[in-house]
Amino acid sequence: MLTEQAAIELQENLREQLILRDQLPTDLQLIAGVDVEYDKESDLIAGAIAVLDFHTLEVKALATHVMHVTFPYIPGLFSFREMPVLLEAWKKLALHPDLIVCDGHGLAHPRRFGLACHLGIVLDIPTLGCGKTRLFGDYEPLAEARGSIAPLLAEDNKEQVGNVLRTQAGINPVFVSPGHKISIDTATEIVLKMAAEYRLPETTRKADHYGREAMIAYKANGQ
DNA sequence: GCGACAG
DNA sequence: ATCTTGTCGC
């Protein structure tokens with residue numbers, strides 16, 4: 001199995017392929033959410049990819065996959081834990097999206113290579129990361145209004161790695177950063193648009209829902 | 001040595 | 001991630 005050191009070297013090599021400029025359709029049609037559920041009483045995980053119509057939020061395609069975890073949870077090496085099951089689900093997906101929203105960080109990572117970056121490079125699809133808690137970067141307090149942002153800055157306080165974004169007034173912000181083929185500003189703009197009603201983008205909420213459902217079904221039927 | 005640490 | 005309903009506070 002992959003050692004921790006080999007995983008870090010892999011990140012540093014793949015990072016060179018990252019594109020942090022907008023290289024996605026200007027007229028987005030399909031936007032996908034990915035999420036992974038964990039079973040509390042076993043080492044099963046369920047990956048889900050939900051492809052939504054960017055404008056109506058209607059689910060246009062769905063794919064899930066259940067398997068055993070193959071890598072421990074190590075902050076900074078998160079993608080090695082969740083990517084395998086997501087790649088298996090991707091193989092089953094009939095409709096490929098213009099952009100993927102990941103539950104976790106992209107550029108806002110100690111080596112600037114979070115799950116969103118890794119998935120974007122491997123699939124060669126535009127991706128962005130939307131995390132619920134901070135992993136890397138410093139930021140100042142932000143206003144309470146929906147749409148308020150604060151830049152997420154690397155330790156030197158010069159390099160911006162993402163934005164802290166308040167998607168709902170008075171509710172904890174989310175952490176947005178580019179994965180691949182997208183800019184910080186565009187990623188932030190899209191997350192705000194996708195989180196019109198709740199704290200998290202609709203893509204993430206749908207993927208979470210179907211992933212949970214897939215886990216329950218798998219445990220009930222075996223397979 | 002101490003604190004931080006996506007899901 | 002998961003444990004989890006009512007309850008505290010604005």
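Each chain gets a letter, A, B and so on, in the order the sequences are listed, and its residues count up from 1. Basis for what follows: all heavy atoms, side chains included, without hydrogens, waters or symmetry-related copies. For clarity, every value in this text was computed on a predicted model and none was experimentally measured.
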Taking only N and O in the side chain of A:Lys132, is any of them less than 4.0 Å away from OP1 or OP2 of B:dG7? yes
Taking any heavy-atom pair under 4.0 Å as a contact, classify A:Ile45: base, sugar-phosphate, or nothing. nothing
Between A:His118 and A:Phe113, does the ring centre distance come in under 6.0 Å? yes
Applying a 4.0 Å non-hydrogen cut-off, can you work out what A:Gly76 is touching in the nucleic acid: base, sugar-phosphate, or nothing? base
Take the protein atom CG of A:Asp35 and the nucleotide atom P of C:dT2, then report the distance between them rounded to whole Å. 8 Å
So, does A:Arg134 get its side chain near the phosphate of B:dA4, meaning an N or O under 4.0 Å from OP1 or OP2? no
Could you tell me whether A:Glu88 and A:Lys91 make a salt bridge, using a distance below 4.0 angstrom between a side-chain N and a carboxylate O? yes
Have a look at A:Asp39 and say if it touches a base, only the backbone sugar-phosphate, or nothing, with a 4.0 Å heavy-atom cut-off. nothing
When the distance from CG of A:Leu115 to P of B:dG7 is rounded to whole Å, what number comes out? 10 Å
Taking only Lys NZ, Arg NE, NH1 and NH2, and the carboxylate oxygens of Asp or Glu, determine whether A:Asp22 and A:Lys181 approach each other closer than 4.0 Å. no
Give A:Glu41 one of three labels, base, sugar-phosphate or nothing, depending on what nucleic acid heavy atoms sit under 4.0 Å from its own. nothing
Tell me the interatomic distance from A:His109, atom NE2, to B:dC5, atom C1', rounded to whole angstroms. 11 Å
Does the gap between the ring centers of A:His96 and A:Trp90 come in under 6.0 Å? yes
Compare side-chain N and O positions of A:Thr133 against OP1 and OP2 of B:dG7 and report whether any pair is under 4.0 Å apart. yes
How many Å lie between CZ on A:Phe80 and P on B:dG7, as a whole number? 18 Å
Nearest-Å distance for atom pair CG/P, residues A:Leu200 and B:dG7: 9 Å
Please state how far atom CG in A:Leu86 lies from atom C1' in B:dG7, giving the value in whole angstrom units. 11 Å
Return the nearest nucleotide to the side chain of A:Lys40; candidates are C:dT2, B:dG7, B:dC5. C:dT2
Distance, rounded to the nearest Å, where A:Glu82 contributes CD and C:dA1 contributes C1': 8 Å
Whole-Å gap separating C1' (C:dT2) and CD (A:Glu37): 11 Å
If you measure only the distance, is there a donor-acceptor pair under 3.5 Å linking the side chains of A:Thr188 and A:Asp185? no
With sugar-phosphate meaning primed atoms plus P, OP1 and OP2, does A:Leu77 contact a base, only sugar-phosphate, or nothing at under 4.0 Å between heavy atoms? base
